[in-house]
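Here's the structure we're looking at; comments come further down.
Counting begins at 1 with the first residue of the sequence. FYI, side chains are in, hydrogens and waters are out, and symmetry mates aren't considered; it's all heavy atoms of this structure.
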Amino acid sequence: MHVLLVIFGGFLLLGVFALFGRLWSTGSSQLPTALLAFIGTWLLVSVANLWVGISRACYTVREELPILLLVFAVPALVAGVIFWRLGR
């Protein structure tokens, strides 16, 4: 359940970055830049989630790495697809 909540939080954060990318555009769209910033920020948040799982929940790195990949990959792939579609 925690994994789904974190992924949902990733989609909310993606929405915030996309909104600010649209709102703060001057002339050309800043949405691609906002999407790239989201991917970097989401990587940091995902690694922080990994650290909490290891230090607080007493999981091993081996147990947490697949969760890190899932938590990071789902919202980051959506952001990457949007970025790719904007570039076409």
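Hydrophobic cluster membership differs between L13 and L44, with clusters built from Ile, Leu, Val, Met, Phe, Trp and Tyr side chains linked at under 4.5 angstrom. In the hydrophobic clustering of ILVMFWY residues, with side-chain heavy atoms under 4.5 Å counting as a link, F83 and F72 come out together. Hydrophobic clustering (ILVMFWY, side-chain heavy atoms < 4.5 Å, transitive): V81 and L19 are in distinct clusters. Follow the hydrophobic side-chain contacts under 4.5 Å out from I82 and you reach I39 in the same cluster. Under a hydrophobic clustering in which Ile, Leu, Val, Met, Phe, Trp and Tyr are joined whenever their side-chain heavy atoms come within less than 4.5 Å, directly or via other members, I67 and V61 fall into the same cluster.
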* To do: Report the C-alpha separation of N49 and H2 in whole Å, then their side-chain angles, then the decisive distance to 0.1 Å, and conclude whether the side chain to side chain contact (heavy atoms under 4.5 Å, CB included) test is met.
  => CA-CA 10 Å; N49 184 55; H2 174 76; 3.1 Å; yes

* To do: Please lay out, stage by stage, how L70 and V74 fare under the test side chain to side chain contact (heavy atoms under 4.5 Å, CB included).
  => CA-CA 6 Å; L70 179 67; V74 174; 3.9 Å; yes

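Here the CZ atom belonging to F38 is positioned 12.0 Å from the CG atom belonging to L31, to the nearest 0.5 angstrom. With values rounded to the nearest 0.5 angstrom, S46 atom OG is found 11.0 Å from E64 atom CD. Expressed to the nearest 0.5 Å, how far CG of L43 lies from CG of L68 amounts to 7.5 Å. Here L86 contributes atom CG and S29 contributes atom OG; the two are 6.5 Å apart, rounded to the nearest 0.5 Å.
Shortest non-hydrogen contact noted between P75 and L14 is O-CD2, 4.3 Å.
For the pair I54/T60, no side-chain contact is recorded, criterion being any heavy-atom separation below 4.5 Å from C-beta on. Side-chain contact check for V3 versus V6: every heavy-atom pair is 4.5 Å or farther apart. The side-chain heavy atoms of T41 and F17, taken from C-beta on, include a pair separated by under 4.5 Å. When side chains are defined from C-beta on, V71 does not count as touching L50, because their heavy atoms never get closer than 4.5 Å.
The backbone N or O of Q30 sits less than 3.5 Å from a side-chain atom of S25, completing a donor-acceptor pair. Although no hydrogens or angles enter the test, the distance criterion places no donor-acceptor pair under 3.5 Å between the side chain of W42 and the main chain of A73.
Annotation for F11: atom CZ counts as buried by contact number, over 12 foreign heavy atoms lying within 6.0 Å.
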